[in-house]
Amino acid sequence: MAISLQKGQKVDLTKTNPGLTKILVGLGWDTNKYDGGKDFDLDASAFLLNATGKVSSEKEFVFYSNPKSSNGSVEHTGDNRTGEGEGDDEQLKVDLATVPAEIEKISFCITIYEADVRAQNFGQVSNAFVRIVNDSTGDELIRYDLGEDFSVETAIVVAELYRNNGEWKFSAVGSGYQNGLAGLCRDFGLDVG
């Protein structure tokens, strides 16, 4: 049975699941009734962060255009441009055993593609969630439902995996950004010129 978390809560991942190395991070969402005439395209991404809280290169920013981290330990499984249907809308696979030692945290984010141009924000999104699944068994281990706390934000740091005394922990973050993917990239050390 999955552990359900609230914003700000943290839980052990590998300590409570001995031998766990391969996980699937599923992110999902629905859009509210929207009559703006433009498609609503949300994107999942992951930033592999070092001790300074920054990515060491663009290769450590995993998303639909860069589907694998530099060593392949984090992989985006593909872009869903509509968010239609039940379950996960986008997924990332993580091999915890091969994440480079200098990576201390992996931040998982959802952004709205061309949010400014399309006049879209997370106030128009509902039922957003992230879940951690044991990739070997398909068992859902952790789930965090974001709730309806957002209005003008165009990007969200949904959750983080981070190292703690040789184990991986999960943190339900739920932190919104008004300046979209560009703001996330700047904060995580990428030049978005």
Side-chain angles (χ1 to χ4, degrees), residues 5-9 25-49 52-55 57-69 74-92 94 105-132 142-162 170-193:
L5 298 180
Q6 302 294 316
K7 181 175 180 169
Q9 288 185 306
V25 180
L27 298 115
W29 52 80
D30 294 320
T31 53
N32 300 334
K33 292 292 179 231
Y34 169 71
D35 60 2
K38 301 219 182 338
D39 291 337
F40 216 101
D41 179 11
L42 277 67
D43 295 310
S45 58
F47 292 86
L48 285 72
L49 308 173
T52 66
K54 308 287 185 199
V55 294
S57 78
E58 290 179 3
K59 289 285 188 194
E60 306 311 333
F61 168 42
V62 178
F63 67 115
Y64 63 86
S65 282
N66 180 46
K68 281 191 179 178
S69 61
V74 178
E75 178 181 356
H76 193 290
T77 64
D79 190 14
N80 176 340
R81 295 184 179 197
T82 65
E84 295 295 319
E86 298 298 312
D88 300 339
D89 290 309
E90 292 192 10
Q91 298 175 328
L92 295 111
V94 181
K105 186 186 295 181
I106 304 171
S107 286
F108 297 95
C109 307
I110 301 174
T111 55
I112 301 173
Y113 182 72
E114 293 186 341
D116 291 344
V117 174
R118 299 177 184 194
Q120 297 170 343
N121 59 54
F122 275 98
Q124 299 157 315
V125 175
S126 59
N127 305 319
F129 68 86
V130 61
R131 66 191 195 113
I132 303 291
I142 300 170
R143 184 179 185 94
Y144 167 42
D145 293 299
L146 273 74
E148 311 296 316
D149 297 339
F150 303 101
S151 57
V152 299
E153 295 84 357
T154 55
I156 299 174
V157 176
V158 179
E160 295 172 338
L161 288 174
Y162 65 97
F170 176 91
S171 174
V173 179
S175 178
Y177 279 68
Q178 290 184 28
N179 47 5
L181 183 59
L184 286 175
C185 287
R186 273 192 303 275
D187 281 7
F188 290 135
L190 288 175
D191 181 12
V192 290

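The structure presented is a predicted model; accordingly, all values stated were derived computationally and were not measured.
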Could you tell me which non-hydrogen atom of Cys185 sits nearest to which non-hydrogen atom of Phe61, and how far apart they are?
SG-CE2, 4.1 Å

Do Ile106 and Leu49 come close enough that some side-chain heavy atom pair is under 4.5 Å?
no

More than 12 non-hydrogen atoms from neighbouring residues, nucleotides or ligands closer than 6.0 Å to CD on Glu58, yes or no?
no

Taken to the nearest 0.5 Å, the spacing of His76 NE2 from Asp43 CG works out to 6.5 Å

Spacing of CD belonging to Gln178 relative to CG belonging to Asp116, to within rounding of 0.5 Å
10.5 Å

Is Phe170 close to Gln9 at the side-chain level, that is, under 4.5 Å between some pair of heavy atoms?
no

How many angstroms lie between atom CD1 of Ile132 and atom CD1 of Ile142, to the nearest 0.5 angstrom?
5.5 Å

Of all heavy-atom pairs linking Tyr144 and Gly174, the shortest is OH-CA, 3.4 Å

With sequence neighbours left out, which residue pairs that include part of residues 151-160 fulfil the salt bridge (Lys or Arg N to Asp or Glu O under 4.0 Å) condition?
Lys105-Glu160

Donor-acceptor check, side chain of Asp89 to backbone of Trp29, threshold 3.5 angstrom: yes or no?
yes

Could I get the full list of side chain to side chain contact (heavy atoms under 4.5 Å, CB included) partners for Ala115, not counting sequence neighbours?
Ile112, Thr154

Compare all side-chain heavy atoms of Thr77 with those of Leu92 and state whether any distance is below 4.5 angstrom.
no

Can you list everything that forms a ring-ring contact (aromatic ring centres under 6.0 Å, His included) with Phe150? Sequence neighbours excluded, please.
none

Please identify each residue that fulfils side-chain hydrogen bond (donor to acceptor under 3.5 Å, both in side chains) with Asp187, with sequence neighbours left out.
Tyr177

Within the 4.5 Å heavy-atom criterion, are Thr111 and Leu184 side-chain neighbours or not?
yes

Can you name the side chain to side chain contact (heavy atoms under 4.5 Å, CB included) partners of Asp145, sequence neighbours left out?
Phe129, Arg143

Side chain proximity check, Leu161 to Phe108, heavy atoms < 4.5 angstrom
yes

Taking atom OH of Tyr113 as the centre, does the number of heavy atoms from other residues, nucleotides or ligands within less than 6.0 Å exceed 12?
no

Between Val62 and Ser69, the two heavy atoms sitting closest are CG2-N, 3.6 Å

If I compare all heavy atoms of Glu60 with all of Val55, which pair ends up nearest, and what's the gap?
O-CG1, 3.7 Å

Sorted by chain and residue number, the ring-ring contact (aromatic ring centres under 6.0 Å, His included) partners of Phe188 (sequence neighbours excluded) come out as Phe47

Test of understanding: with side-chain hydrogen bond (donor to acceptor under 3.5 Å, both in side chains), list the residues that count as partners of Asn179, not counting sequence neighbours.
none

List the residues meeting side chain to side chain contact (heavy atoms under 4.5 Å, CB included) with Thr52, not counting sequence neighbours, and say none if there are none.
Asn50, Lys54

Distance check, rounded to the nearest 0.5 Å: Leu146 atom CG versus Phe122 atom CZ?
8.5 Å

4.5 Å side-chain heavy-atom contact, Gln124 and Thr31:
no

Residues two or more places apart in sequence or in another chain: which of them pass side chain to side chain contact (heavy atoms under 4.5 Å, CB included) with Lys59?
Ser57, Asn66, Ser70

Decide yes or no for Tyr64 and Asp41: does some side-chain heavy atom of the first lie under 4.5 Å from some side-chain heavy atom of the second?
no

Could you list the residues that satisfy salt bridge (Lys or Arg N to Asp or Glu O under 4.0 Å) with Glu114, not counting sequence neighbours?
Arg118

side-chain hydrogen bond (donor to acceptor under 3.5 Å, both in side chains) with Ser175: which residues, sequence neighbours excluded?
none

